[in-house]
Amino acid sequence: MMICIKYPKKIKTVFFTIFISLIASCQDKNKSVENGQPNIIYIYVDQMSANMMSCAGNTYLNTPAIDYIANNGIRFTKAYTTNPVCSPARVSLMTGRFPSYFKDNQGNEVRENRASMKIPEVSSEVKNTTIASFLKKANYELYFGGKEHLPESLTPNTLGFNKFSDNERGEMVNKAVEIINEEHKKPYFMVVSLINPHDICYMALREKATSANDALLLKRAEVEIATLNNAMKIPEGISETEFYTDYCPPLPPNFEPQKDEPRAIKKLINDRPFRKNARENFTENDWKHHRYAYHRLTEVLDKEVQLLLNAIKASGQEENTLIIFSSDHGEMSASHRMEHKSTLYEESANIPLLAMWKNHIPKGQINDQNLISNGLDILPTVCDYANITGISDVRGKSLRPLLEGKNVKWRETLGVESEIGKMVIDTDGLKYIRYDADGIEEQLLNLELDPFETTHFTNDPNFKQDLVRMRAIYEKEWFD
């Protein structure tokens, strides 16, 4: 026997309202799925070269979290930064433009850290074409945690991100995990900006911090140096001889300076006493120890990435989350007897770029053909997935068709700039570099014939036409 209960009209209205709210709540929770807008998490690390992953064949470290992204999506081997130093590269992330598009407060091109931090108020055109501006128009929540190293006009807070942590390590990761586990009514874009393996910088710096600025960096680097010291520890029970022979990565094939090394490279080294000291006074074992610590610091980073992946899986949102992983620049890691960055050598300029979105990006892809710029291409890519067209520099391209395994026409050349010069690389591995730090110097390199850049082919008559062609591309397409 069915019993019918008659409710007053007012109570019926309340029940109806609750029912509609519950339906709306369910719809909100899945709104991004229905609109084809995934959550997007950009894991942006500091000072990691493209070969610093076990999935890239590096057997001197273990990076299971980063490998998971590669194995469940795509890894690009020809991805480059717009500028191989921290702040300029990060300006590109926010704006999708070359750093040299901007001028510092003295009117000079922005191509190194100090100038980048002195970018004054940006134009309305730039404000309306930042990565944040586009994604807000696409109804995304914006989150940013970790390292900024940006001028005031382009900080996350200025652009409209919710800055959830200034920490650059595990503490920030834990807060990112909390946000991932929250229920979101709108899709979100989150930048997780992690510091390591950047702590490797302090190994050479603390040996010769002669300037006031370097001394100040060291004074503020208590956590960084403690992390570095831990990474440098020789495993217990292992002798020094065994450590340097069996545990440290060997010296790279291009350990010695390049033949006919440009004056600009010498100037870059000699302008900072700690760099000069490392080149002239580090022993081969010092360099091996440097490389060992660099690999351990990368594993520290990988453990932090694992926490993020665990949270995404536990939240049930892995199939609704696009994950992109990249770095602002690389690290010389003993190549050409150098550490740090800022050069146009591959170790410094060639960076990792991986992406996964389960059931949308075919897994296990390795793209070794297409030239990618994380500074120019990330903005149009995330906008494409957010269902909005995002254009700042017209040379930036959405990676979406490449991520999804489609055969599309792509750029044949790519420009990269630095504080000591600018370069263009083509798909055949030719690199044309025009150094300008100590007068104008031209170089033509060939990564197919000389992948470790031990020499150059500038004056080789067999490459005369290539030199002319690459010079014209440099001037007409990239750096007019």
>> Determine whether Glu168 and Lys147 satisfy the following criterion, salt bridge (Lys or Arg N to Asp or Glu O under 4.0 Å), listing intermediate values before the conclusion.
In response: CA-CA 6 Å; Glu168 302 167 343; Lys147 179 172 179 175; over 6 Å; no

> Would Met172 and Asp166 satisfy side chain to side chain contact (heavy atoms under 4.5 Å, CB included), going step by step from the backbone distance to the final call?
Replying inline: CA-CA 7 Å; Met172 182 268 291; Asp166 289 320; over 6 Å; no

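- In this structure, Ile234 CD1 and Glu242 CD are separated by 10.5 Å, a value rounded to the nearest 0.5 Å.
- Between Lys358 and Asn72, the closest heavy-atom pair is CE-OD1, 3.5 Å.
- A donor-acceptor contact shorter than 3.5 Å links the side chain of Asp286 to the backbone of Thr283.
- More than 12 heavy atoms of other residues, nucleotides or ligands lie within 6.0 Å of CD in Glu280, so this atom counts as buried by the packing criterion.
- Salt-bridge check for Arg434 with Glu475: passed, with a basic side-chain N closer than 4.0 Å to an acidic carboxylate O.
- Note on Glu261 versus Arg279: salt bridge recorded, some NZ/NE/NH1/NH2 to OD/OE distance being below 4.0 Å.
- Atom CD1 of Ile324 sits about 12.0 Å away from atom CE of Met356, to the nearest 0.5 Å.
- Side chain of Ser418 to main chain of Thr343: no donor-acceptor pair is present (N/O by atom type, distance under 3.5 Å, no hydrogens or angles).
- Under a 3.5 Å cut-off, the side chain of Thr298 and the backbone N or O of Tyr294 do form a donor-acceptor pair.
- Ion pairing between Arg111 and Glu417 fails under the 4.0 Å rule for side-chain N and carboxylate O.
- Listed by chain and number, the residues in a side-chain hydrogen bond (donor to acceptor under 3.5 Å, both in side chains) with Glu224 amount to none (sequence neighbours excluded).
- Atom NZ of Lys78 has more than 12 neighbouring heavy atoms from other residues, nucleotides or ligands inside a 6.0 Å radius.
- Asp199 places no side-chain N or O within 3.5 Å of a backbone atom of Tyr202 that could act as its donor or acceptor partner.
- The side-chain tip of Lys431 does not point at the ring of Tyr80 from less than 6.0 angstrom away and within 45° of straight on.
- Here Leu301 contributes atom CG and Phe325 contributes atom CZ; the two are 5.0 Å apart, rounded to the nearest 0.5 Å.
- With sequence neighbours excluded, no residue forms a side-chain hydrogen bond (donor to acceptor under 3.5 Å, both in side chains) with Glu477.
- Looking at Ser49, its side chain never comes within 3.5 Å of a backbone N or O of Asn51 through a donor-acceptor pair.
- The pair Asp426-Arg469 counts as a salt bridge, with a side-chain nitrogen and a carboxylate oxygen less than 4.0 angstrom apart.
- Residue Arg263 places its CZ atom among more than 12 non-hydrogen atoms of other residues, nucleotides or ligands, all under 6.0 Å distant.
- Ring geometry, Tyr44 versus Tyr42: the interplanar angle falls under 30°, so the pair is classed parallel (tilted spans 30 to 60°).
- More than 12 heavy atoms of other residues, nucleotides or ligands lie within 6.0 Å of CG in Asp246, so this atom counts as buried by the packing criterion.
- Counting only residues at least two apart or in different chains, ring pair (Phe, Tyr, Trp, His ring centres under 6.0 Å) contacts with residues 219-250 comprise Phe243-His289, Phe243-Tyr292, Tyr244-His289.
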>> Ser54 vs Asp67, test: side-chain hydrogen bond (donor to acceptor under 3.5 Å, both in side chains). Steps then yes/no.
In response: CA-CA 7 Å; Ser54 42; Asp67 294 354; 2.5 Å; yes

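- The main-chain N or O of Val424 is never found under 3.5 Å from a side-chain atom of Thr413 such that the two would form a donor-acceptor pair.
- Within a 6.0 Å sphere centred on NZ of Lys276, other residues, nucleotides and ligands contribute 12 heavy atoms or fewer.
- Contact check on Glu178 versus Lys175 returns no salt bridge, with no Lys/Arg side-chain nitrogen under 4.0 Å from an Asp/Glu carboxylate oxygen.
- Under the 3.5 Å distance criterion, the side-chain polar atoms of Thr227 are matched with a main-chain donor or acceptor of Val223.
- Using a cutoff of 4.0 Å between basic side-chain nitrogens and carboxylate oxygens, Arg90 and Asp46 are scored as salt-bridged.
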Contacts table for residues 212-222: side-chain donor-acceptor under 3.5 angstrom, sequence neighbours left out:
unit_1 : atom_1 : unit_2 : atom_2 : d
Asp214 : OD1    : Arg272 : NH2    : 2.7
Asp214 : OD2    : Ser211 : OG     : 3.2

> Yes or no on side chain to side chain contact (heavy atoms under 4.5 Å, CB included) for Met332 and Ser342, after CA distance, side-chain angles and deciding distance?
Replying inline: CA-CA 9 Å; Met332 289 304 295; Ser342 300; over 6 Å; no

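- Heavy atoms of other residues, nucleotides or ligands lying less than 6.0 angstrom from NZ of Lys313 number more than 12.
- Under the side-chain hydrogen bond (donor to acceptor under 3.5 Å, both in side chains) criterion, Glu347 pairs with Asn254, Ser335, sequence neighbours left out.
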>> Run Ser116 and Asn113 through side-chain hydrogen bond (donor to acceptor under 3.5 Å, both in side chains) and show every step you take.
In response: CA-CA 5 Å; Ser116 182; Asn113 277 337; 5.9 Å; no

>> Test side chain to side chain contact (heavy atoms under 4.5 Å, CB included) on Leu93 and Leu150; report intermediate values, then the result.
In response: CA-CA 10 Å; Leu93 166 65; Leu150 289 160; over 6 Å; no

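- Counting only distance, with no hydrogens or angles, the side chain of Ser392 and the backbone of Gly96 share a donor-acceptor pair below 3.5 Å.
- Rounded to the nearest 0.5 Å, atoms OH (Tyr143) and CZ (Phe164) are 9.5 Å apart.
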> What's the verdict on side chain to side chain contact (heavy atoms under 4.5 Å, CB included) for Leu403 and Tyr385, showing C-alpha distance, side-chain angles and the deciding distance?
Replying inline: CA-CA 11 Å; Leu403 301 185; Tyr385 278 102; 3.7 Å; yes

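- The two residues Asp328 and Ile351 have their closest heavy-atom pair at C-CG2, 4.4 Å.
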>> Assess the residue pair Asn58 and His295 against the criterion (side-chain hydrogen bond (donor to acceptor under 3.5 Å, both in side chains)); give the C-alpha distance rounded to whole Å, side-chain angles, the decisive distance to 0.1 Å, and a yes or no.
In response: CA-CA 10 Å; Asn58 190 330; His295 284 67; 3.2 Å; yes

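- Screening residues 445-480 for ring pair (Phe, Tyr, Trp, His ring centres under 6.0 Å) gives Phe98-Phe479, Tyr432-Tyr474, Phe457-Phe463, Tyr474-Phe479 as the qualifying pairs, with residues at least two apart or on separate chains.
- Taking CD of Glu453 as the reference point, atom CD1 of Ile433 lies at 6.5 Å (rounded to 0.5 Å).
- Residues Ser373 and Asp377 bring no donor and acceptor atom of their side chains to less than 3.5 Å of each other.
- Under 4.0 Å is where a charged nitrogen must lie from a carboxylate oxygen, and between Arg337 and Glu256 at least one such pair does.
- For the pair Trp357 and Thr321, the tightest heavy-atom approach, listed with the atom from each and the gap, is CD1-O, 3.5 Å.
- Within 6.0 Å of atom NZ in Lys103, more than 12 heavy atoms from other residues, nucleotides or ligands are found, so the atom counts as buried in its surroundings.
- Thr458 places a side-chain N or O within donor-acceptor distance of the main-chain N or O of Leu444, the cut-off being under 3.5 Å.
- Distance check, rounded to the nearest 0.5 Å: CG of Asn310 to CG of Leu307 gives 6.5 Å.
- Between the Asp104 side chain and the Gln106 main chain, a donor and an acceptor come within less than 3.5 Å of each other.
- Between Ala437 and Lys267, the shortest heavy-atom distance links the atoms O-CD, 3.3 Å.
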